[in-house]
Amino acid sequence: MRKKQFKAESKKLLDMMINSIYTNREIFIRELISNASDAIDKLYFKSLTDDSVGLNKGDFEIFVDIDKDARTITVTDNGIGMTQEELESNLGTIAKSGSFNFKNDNGEAAPEDIEVIGQFGVGFYSSFMVASKVEVVSKAFGEDTAHKWVSEGADGYTIGECEKDCAGTVITLHIKDDTENDDYSQFLEQYRLSSLIKKYSDYIRYPIKMEMTKSVPDEEKEGEYKEETVVETLNSMIPIWRKNKNELTEDDYNEYYKNKFSDFENPLLHIHSKTEGQATFDALIYIPSRPPFDYYSKEYEKGLQLYTNGVLIMDKCADLVPDYFSFAKGVVDSADLSLNISREMLQQDHRLKIIAKAIDKKIKSELKKLLENDREKYEKFFETFGVQLKWGVYANYGSEKEGLKDLILFKSSKESKYVTLKEYVADMAEGQDTIYYACGENETKISLLPQTEAVTAKGYDVLCFTDDVDEFAIQMLMEYDGKKFANICKDELNLSSEDEKKALDEKNEAAKDMLEEMKGYLNGEVSSVKFTNAIGGHAVCLSAEGYVSLEMAKVLSQMPGGNGGMKAQLVLEINSEHAISEKLFELFAKDKEKLKNYTYLLYNQARLISGLDIDNPTEFADMITQLM
């Protein structure tokens, strides 16, 4: 064996790769299996034109072995193998990749079912995260001599001839001893290692085999069990998302979802697609029937599983789905992505953005189909995740509003059912040019508002906004199909004819002094007091003027730190046709103290109607009793 130093590399570089580039030790097995798969791909490619290979596709395999006593893990493949020169070139120079060269040399000639996973040579060196020594025995196809490469890290390596019967490579890791902070022995446990192989390499196209010891019934001793060692294939090899849709049933999709994402309910919807073009990828995306248990917690992480050629790269790639689709689960498999040298993070290239944009478009398209073809199912989805879509309309200054506006629903006060904005506009009354809405705790309370009665009396429908985000989203949307939105609880609501408006203006002008005095009684609680003819048969209501509505003020006040001065400018509106209006004129002329009490009562009645608290409910109750 000849002792050699790594070419142009230093201990600092190797330490950086082991301790910085790779942050998750368990991926060493993924890297070794990916390299083994590459080696088999190369020999399989050769077998297509060279009968001397003597192996069919079904003969290729990767074998993993654990020796707990010797503290070794061995990965064996019957692939192309390496010559001495290739061992020194690929393993003696950090970041040298034989797979990368193979892809460059044979990319166009290789058939579609040849997939080279390894593009960067540093994957092999992840072994040193868990191993104190690594041995590589390899025999190249067509060579008579095998060679053995051994290294204990940055000090260099030895290489020399050895015996090996057939082409292929055997990599043996001598696992480090445990320390106070590091448990390396976990990788010598069959269950732990087999679960890592299934997690990262389940879709490697060649069988990954391993001896597994299991407890089985003893046929000779009834009721007793014995240990039995069998060779098992750990990986499923063919991912469901690469199968043709006509090969799969609804049960196939549902079972995969429940097993993969640990849900006991079937998904509401699955989206299976293959996209080709600027970025080629397969995707299988699910919309759950219910939110994940931690969905509304800080611990929840959005993202889709990202694979490249069937090898798991990221368990949750957040960049693949926008926040408004954060509930989506699924997998994306692409061979086009540029990975960094550790494969643990993606480089910020345009293809990832192209994939994310295509996925976003596909989810929107499928949800729109669901809305059109299965309204009941879509409404179930919207009940569960609709708030997320509304936040999507509002977020990022409304940049996504055009793609989401036809997916959001609101309850109709007229029909007591969900309607889209498109359906609302299509059903608008003759001469109506405004989309009316009101905010409240629930549909029932909104229907009882005085303003709702006045609007519906005109034959107009009112959309019920019951989620905190609703009005913020609509303010961002601004209009739909050329129709402006109007909050019926804002003081600019105008349902009057020109004659009615003129009569109301005259009454407010005649009562100007009285209304100003009433405003003064309320000590700055309202910006104005006025008569209105837009609250049906009710005596009084509160509205707001300016940008901040009553509901916005409630939402802002519940945020950390209060509303930061963003308060609604309240307007106390009194029904000009109600008997109370004449009573106020009478009190203004004869009994200002009683007018003050009436003002206080009317204001607090209006607060109750609007769902606002009363500062002093005891005083309010006592005053009602006195009047009785």
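Quantities reported herein were computed from a predicted structural model and do not represent experimental measurements.
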Above 12 or not: heavy atoms from other molecules or residues under 6.0 Å from [atom1] of [X]?
X: Q278; atom1: CD; value: no
X: E498; atom1: CD; value: no
X: K417; atom1: NZ; value: no
X: K364; atom1: NZ; value: yes

Y437/F410 aromatic ring centres below 6.0 Å: no
Please evaluate residues D323 and K302 with respect to the criterion salt bridge (Lys or Arg N to Asp or Glu O under 4.0 Å), reporting the C-alpha separation (whole Å), side-chain torsions for both, the decisive distance (0.1 Å), and the verdict. CA-CA 8 Å; D323 287 342; K302 68 163 183 164; 3.1 Å; yes
Which heavy-atom pair separates K260 from Y307 by the least distance, and what is that distance?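 Shortest heavy-atom contact: NZ-OH, 2.9 Å.
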Nearest heavy-atom neighbours spanning T456 and S413: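 What the structure gives for the nearest pair is CG2-OG, 4.0 Å.
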Assess whether a salt bridge exists between [X] and [Y], defined as any Lys/Arg side-chain N lying under 4.0 Å from an Asp/Glu carboxylate O.
X: E376; Y: K380; answer: no
X: K490; Y: E545; answer: no
X: D406; Y: K422; answer: no
X: E479; Y: K484; answer: no
X: D374; Y: K369; answer: no

Using modelled atom types only, decide if a donor and an acceptor are shared between the side chain of [X] and the backbone of [Y] within a distance under 3.5 Å.
X: S527; Y: L570; answer: yes
X: D461; Y: K414; answer: yes
X: D481; Y: K483; answer: no
X: D591; Y: K594; answer: yes

Any chance you could lay out the side chain to side chain donor-acceptor pair (under 3.5 Å) test for D360 and Y324, step after step, and finish with the verdict? CA-CA 10 Å; D360 178 52; Y324 50 81; 3.0 Å; yes
Distance-only check: which donor-acceptor pairs under 3.5 Å involve side-chain atoms of residues 250-257, not counting sequence neighbours?
{"unit_1": "D252", "atom_1": "OD2", "unit_2": "T249", "atom_2": "N", "d": "2.9"}
{"unit_1": "D252", "atom_1": "OD2", "unit_2": "T249", "atom_2": "OG1", "d": "3.2"}
{"unit_1": "Y253", "atom_1": "OH", "unit_2": "H272", "atom_2": "ND1", "d": "2.6"}
{"unit_1": "N254", "atom_1": "ND2", "unit_2": "E250", "atom_2": "O", "d": "3.4"}
{"unit_1": "E255", "atom_1": "OE2", "unit_2": "K258", "atom_2": "NZ", "d": "3.3"}
{"unit_1": "Y256", "atom_1": "OH", "unit_2": "Y203", "atom_2": "OH", "d": "3.4"}
{"unit_1": "Y257", "atom_1": "OH", "unit_2": "D263", "atom_2": "OD2", "d": "2.8"}

Looking just at side-chain N and O atoms, do [X] and [Y] make a donor-acceptor pair shorter than 3.5 Å?
X: Y460; Y: T434; value: no
X: E383; Y: Y418; value: yes
X: W241; Y: D333; value: yes

According to side chain to side chain donor-acceptor pair (under 3.5 Å), who are the partners of K362, at least two apart in sequence or on a separate chain? E366
Salt bridge (charged side-chain N to carboxylate O under 4.0 Å, His left out) partners of E525, counting only residues at least two apart: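 Here no residue qualifies.
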Set of ring pair (Phe, Tyr, Trp, His ring centres under 6.0 Å) partners for F588, sequence neighbours left out: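 Ring pair (Phe, Tyr, Trp, His ring centres under 6.0 Å) check on F588 returns nothing, list empty.
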Can you sort out the partners of Y378 under ring pair (Phe, Tyr, Trp, His ring centres under 6.0 Å), two or more places apart, ordered by chain and number?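 For Y378 the ring pair (Phe, Tyr, Trp, His ring centres under 6.0 Å) partners, ignoring immediate neighbours, are F381.
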When rounded to the nearest 0.5 angstrom, what distance separates CZ in R607 from CG in L572?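 Between R607 CZ and L572 CG, I get 11.0 Å after rounding to 0.5 Å.
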Under 3.5 Å, which donor-acceptor pairs do the side chains of residues 531-542 form with other protein atoms, sequence neighbours left out?
{"unit_1": "T532", "atom_1": "OG1", "unit_2": "A534", "atom_2": "N", "d": "3.1"}
{"unit_1": "T532", "atom_1": "OG1", "unit_2": "E573", "atom_2": "OE1", "d": "3.1"}
{"unit_1": "N533", "atom_1": "OD1", "unit_2": "S496", "atom_2": "OG", "d": "3.0"}
{"unit_1": "N533", "atom_1": "ND2", "unit_2": "S496", "atom_2": "OG", "d": "3.0"}
{"unit_1": "H538", "atom_1": "NE2", "unit_2": "E453", "atom_2": "OE1", "d": "2.8"}

